Amino acid sequence: MTEDLNDIEWRRVWLSCFACSVGLQADRENAEQLLTEMAARRSRAVFILDGLEDLFQKFSSDPNQQNALRVLLTDCPYWLRSLRGCSLGLIIFVRYDLVQAAIQQNLHQFLIRSRRLRWEREEALRLVAWVCGRADALEEKDVVRTARVEELSRILQKVWGLKMGSDRSREARSESWFLAALSVFNLQIQARDIVNFLAVTARHSAQDFGKWNDRLLTPAAMSKALPECSKKKIKEVEEENHVVRDILQKLRKADAEQKRVPFELDAVGLDRSEARILEANGILFQQEDQYWIPELFRHELGFKAERRPRILAVARLVQSRNDPA
């Protein structure tokens, strides 16, 4: 994907891939004709693409890769829809940062027409309840699949209590703390992070046995789990996203005295383009001229929080920015 091709040529490249995937003897010259004939016969097919980040590893700086991806995301669906009968479909799974790099004009309109896959509160709580049920840690394990989110929230108080302290304390609610601590700034929370957090927290909670009689996972254990979860999270991100990996390495090497949240970009050696990449991946959040890092990244990158970490306060800012209504 390093060739310098125009939009029509890139479209023919992609269409030839689609045609070959259904057994047609296609190349760049005849792919459009073969797919048109296939549609005319009312043959049906849905082309599904995933793993594009492995193909476009220099997407943030290579204009050819950006053009190739833009044509795939915009021109190819339009061309397929133009076929008589419209019996061919296209589903593309792609990370948001690749989309942002490829579609630099009319990005908002593209996102309106697209569907963003996102784990939110209900999905996260249902997974926690399912895991705890499988571990025989919940008596209500048979109802977690059908329970409403409010019922899930009540059931899970048996797992982590009402608050990150006694019920009458001024500590954060355990559920809200959990969601804020494991979410990144594009409001995403990943299943593997949830499962890892539960495993690490359970191990630490075993050391607090007898200190709490109203929950299985103790507040101290939940807090202690974050640095370990942060280490694993960054390792996984760096393996999967080399562009982000290089930027995170810069943050690792930043002056220790400057590694405090919130911070300014100059203080940690980042430029605005690098910040945009991290923002697209939910790893940075800007509030005026200050930047924040999610708790799931802050620990392993060695950033200190001024006073007590404002986990819930920053989460509310992110939520209001993404959903002003």
Side-chain angles (χ1 to χ4, degrees), residues 1-22 24-39 45-83 86 88-118 186 188 237-250 270-284:
M1 292 297 176
T2 59
E3 297 179 78
D4 184 8
L5 305 179
N6 61 37
D7 288 5
I8 294 177
E9 291 169 330
W10 275 126
R11 188 184 72 202
R12 289 172 176 169
V13 169
W14 289 114
L15 294 179
S16 66
C17 294
F18 299 166
C20 289
S21 72
V22 293
L24 300 176
Q25 299 299 313
D27 55 34
R28 299 184 190 180
E29 302 303 321
N30 66 3
E32 291 183 345
Q33 178 182 349
L34 291 175
L35 289 174
T36 300
E37 293 173 352
M38 179 179 175
V46 176
F47 307 107
I48 302 176
L49 282 77
D50 193 9
L52 291 169
E53 61 273 8
D54 296 327
L55 189 61
F56 298 104
Q57 298 209 0
K58 297 181 179 179
F59 68 91
S60 64
S61 58
D62 188 333
N64 293 325
Q65 292 194 6
Q66 293 170 359
N67 289 338
L69 184 56
R70 177 180 53 78
V71 170
L72 171 63
L73 296 174
T74 59
D75 291 26
C76 290
Y78 179 82
W79 188 89
L80 290 173
R81 285 195 298 268
S82 71
L83 295 177
C86 196
L88 305 180
L90 177 60
I91 298 175
I92 305 171
F93 295 97
V94 59
R95 288 200 322 249
Y96 175 71
D97 54 327
L98 272 74
V99 174
Q100 190 177 51
I103 304 177
Q104 299 180 8
Q105 294 182 350
N106 301 321
L107 175 61
H108 181 66
Q109 288 84 346
F110 175 82
L111 294 176
I112 290 175
R113 298 192 303 269
S114 305
R115 295 290 183 270
R116 297 188 70 175
L117 300 178
R118 175 177 293 167
N186 54 13
Q188 291 278 18
V237 169
E238 290 181 335
E239 289 175 350
E240 297 168 357
N241 191 330
H242 293 176
V243 174
V244 169
R245 176 197 63 192
D246 295 341
I247 302 174
L248 293 182
Q249 290 298 327
K250 290 185 67 174
L270 293 187
D271 59 37
R272 189 67 191 96
S273 64
E274 292 170 324
R276 282 195 296 269
I277 293 173
L278 294 185
E279 287 176 314
N281 285 272
I283 305 175
L284 274 190

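This structure is a prediction, so every number in the text was calculated from the model and none was measured.
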Problem set entry | Charged N-O contact under 4.0 Å between Glu32 and Arg11 | yes
Problem set entry | Residue list, side-chain contact (heavy atoms from CB on, under 4.5 Å) with Ala31, at least two apart or on another chain | Leu15, Ser16, Ala26
Problem set entry | All salt bridge (charged side-chain N to carboxylate O under 4.0 Å, His left out) counterparts of Glu274, not counting sequence neighbours | Lys250
Exercise. Taking only residues two or more places apart in sequence or in another chain, which ones pass salt bridge (charged side-chain N to carboxylate O under 4.0 Å, His left out) with Asp7?
Worked result: Arg70
Exercise. Residues in side-chain contact (heavy atoms from CB on, under 4.5 Å) with Asn6, at least two apart?
Worked result: Ile8, Glu9
Seminar exercise, completed: Residues passing the side-chain contact (heavy atoms from CB on, under 4.5 Å) test with Gln188, sequence neighbours excluded, are Arg118, Val184, Asn186
Problem set entry | Under the side chain to side chain donor-acceptor pair (under 3.5 Å) test, residues paired with Arg12 that sit two or more places apart | none
Show me, pair by pair, the donor-acceptor contacts under 3.5 angstrom made by side chains of residues 98-112, not counting sequence neighbours?
residue, atom, partner, partner atom, Å
Gln104, NE2, Ala101, O, 3.0

Seminar exercise, completed: salt bridge (charged side-chain N to carboxylate O under 4.0 Å, His left out) filter on Glu37, not counting sequence neighbours, yields none
For this session: Just jot down the salt bridge (charged side-chain N to carboxylate O under 4.0 Å, His left out) partners of Arg113, sequence neighbours excluded, or say none.
Result: none
For this session: For residues 90-105, pull every pair meeting salt bridge (charged side-chain N to carboxylate O under 4.0 Å, His left out), keeping only residues two or more places apart or in separate chains.
Result: Arg95-Asp97
Exercise. For Leu83, which residues count as a side-chain contact (heavy atoms from CB on, under 4.5 Å) partner, sequence neighbours excluded?
Worked result: Thr36, Ala39, Trp79, Leu80, Leu88
Seminar exercise, completed: By side chain to side chain donor-acceptor pair (under 3.5 Å), Asn30 pairs with (sequence neighbours left out) none
Problem set entry | Mutual orientation of the aromatic rings belonging to Trp14 and Phe56 [parallel < 30°, tilted 30-60°, perpendicular > 60°] | tilted
